[in-house]
Student: 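Quick one: structure below, then a few questions.
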Amino acid sequence: MEYQNTLQFAQSLDEQDPLKEFQQQFLVPKHNGKDAIYLCGNSLGLQPITARQYVNAQFSNWQNLAIEGFFEGDDPWLNYHQQLTGTLAGIVGAKKEEVSVMNSLTVNLHLLMVSFYIPTNKRFKILVEGGAFPSDQYAFASQARFHGFDPKEAIIEVFPREGESTLRTEDIVQQINTHADELALVLFGGINYYTGQFYDLPAISKAGHAAGAYVGFDLAHAAGNVMLKLHDWDIDFATWCSYKYMNSGPGGISGIFVHEMHFGNKALQRFEGWWGNRLDNRFLMAPQFDPEIGAAGWQLSTIPVMLLALHKASLDIFEQAGFATLRGKSESLTGYLEFLINGINHEEDEELFKIITPQNKEERGCQLSIVCKRNAKAIFNFLTANGVIGDWREPNVIRLSPVPLYNSFTQVFEAGRVLAAAARDWRSETRG
Ligand SMILES: *Cc1c(COP(=O)(O)O)cnc(C)c1O
């Protein structure tokens with residue numbers, strides 16, 4: 001698409017946007033009495049207006065039915081999760097039985113590592129992305145120690161080459177091959193939280209399996225953001241959170257994926273709980289665990305109905321919008337932001353804003369990570385003061401994520417205008 005840096009152009013894209021009505025389904029924080037330009041869906045997605053109604057419906061069920069709420073009413077709690085797994089499976093490219101909603105992300109990382117990190121004295125290493133999200137790093141290291149290994153030896157981090165910000169697939173594959181005989185697990189991010197790079201999941205999966213390792217992904221920044229085909233890519237397992245691109249509320253319920261090929265895999269251990277037991281005999285309260293077939297067998301506890309209601313409110317919107325349409329708009333929106341930022345660099349005659357997220361739209365989602373070469377914090381504060389909400393990562397990165405469900409081209413245009421003003425401010429400040 002040939003972009004133009006004019007309000008009229010942005011407005012014309014909004015008029016043609018098949019998803020333009022969806023913005024009205026979300027609540028936006030105010031800045032000076034007007035809606036803020038919220039480009040922070042990578043951290044916490046906005047609240048769907050329906051979220052409160054969905055939770056209120058469950059408050060009513062609790063009030064009117066109490067314990068009978070598990071079995072009675074329009075949507076009995078006992079089966080409530082099954083109303084979510086269809087849409088969720090569509091979003092991550094899985095079969096319905098391959099996904100389940102439960103717990104929170106770091107908890108699920110641990111539970112899935114209990115199953116898929118099966119170290120031996122010879123094969124005990126875990127290959128991960130360098131600079132993974134801290135919680136993931138703590139999970140990897142503590143799992144290695146739990147099995148009696150020194151994380152310094154057991155964890156192999158793959159970093160970008162000198163002078164580069166993102167990883168080359170060939171380097172990831174080469175590291176997998178180099179350590180092939182020692183690898184128990186490849187556990188990668190889907191999209192790196194810092195750079196916004198979307199890794200080549202099928203290539204990593206293929207290389208990991210060729211090395212004889214299990215392969216899993218943390219999809220915190222990928223689920224609900226980019227097209228995934230977890231089943232077709234033969235990924236063993238994955239987990240994600242629902243509060244970033246899936247707008248299901250702070251600390252919202254997490255999801256897991258376990259590939260169908262492992263439904264009968266007797267080598268896998270798992271930590272068991274009664275909610276993973278088959279529904280048809282769960283309440284016989286037998287001493288022997290009789291698991292549900294599929295990802296549901298990993299569930300432990302009574303479902304947190306309120307969190308599921310929040311998640312369902314959001315997933316129903318994804319269902320209406322259609323994920324392919326969302327992704328199409330997302331590529332154009334983020335492309336527009338990129339165009340505007342590059343325009344500022346051009347005007348300023350220097351690369352003040354260096355985008356470290358890959359240029360190729362196949363290698364990124366909504367997010368652009370922008371290194372500010374100078375006055376980074378001041379520029380970030382200027383954005384915030386002007387109602388553009390992004391987020392800040394030390395030492396000098398601003399992350400901006402236009403989200404196709406609730407951001408418009410006009411908002412992206414406006415954010416570009418504020419960034420350009422920040423750049424001009426900086427210039428007059430340092431030269432005058
Ligand atoms: C957001 C995020 C987390 C957060 O984990 P919680 O358990 O939900 O607090 C973990 N890992 C990655 C990669 C993330 O982006």
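Counting starts at 1 for both ligands and their atoms, in listed order.
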Student: In order of chain and number, which residues sit within 4.0 Å of ligand 1 by heavy atom?
Tutor: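 Lining ligand 1: Leu105, Thr106, Phe133, Asp136, Asp218, Ala220, His221, Tyr243, Lys244.
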Student: Can you list everything that forms a salt bridge (charged side-chain N to carboxylate O under 4.0 Å, His left out) with Lys373? Sequence neighbours excluded, please.
Tutor: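 Partners of Lys373 by the salt bridge (charged side-chain N to carboxylate O under 4.0 Å, His left out) criterion, ordered by chain and then number, come out as Glu351.
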Student: For Trp77, which residues count as a ring pair (Phe, Tyr, Trp, His ring centres under 6.0 Å) partner, sequence neighbours excluded?
Tutor: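 Ring pair (Phe, Tyr, Trp, His ring centres under 6.0 Å) check on Trp77 returns Phe70.
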Student: Ring-plane angle category for Trp392 and Phe380, please: parallel below 30°, perpendicular beyond 60°, tilted otherwise.
Tutor: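 Rings of Trp392 and Phe380: tilted, as their planes differ by 30° to 60°.
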Student: Checking side-chain polar atoms at under 3.5 Å, does Gln58 have a donor or acceptor matched by the opposite partner on Asn61?
Tutor: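 Yes, a side-chain donor-acceptor pair sits under 3.5 Å.
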Student: Report yes or no: do His221 and Asn192 form a side-chain donor-acceptor pair below 3.5 Å?
Tutor: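 Judged by distance alone, the side chains do not pair up.
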Student: What donor-acceptor contacts under 3.5 angstrom involve side-chain atoms of residues 44-51, with partners at least two apart or in another chain?
Tutor:
none

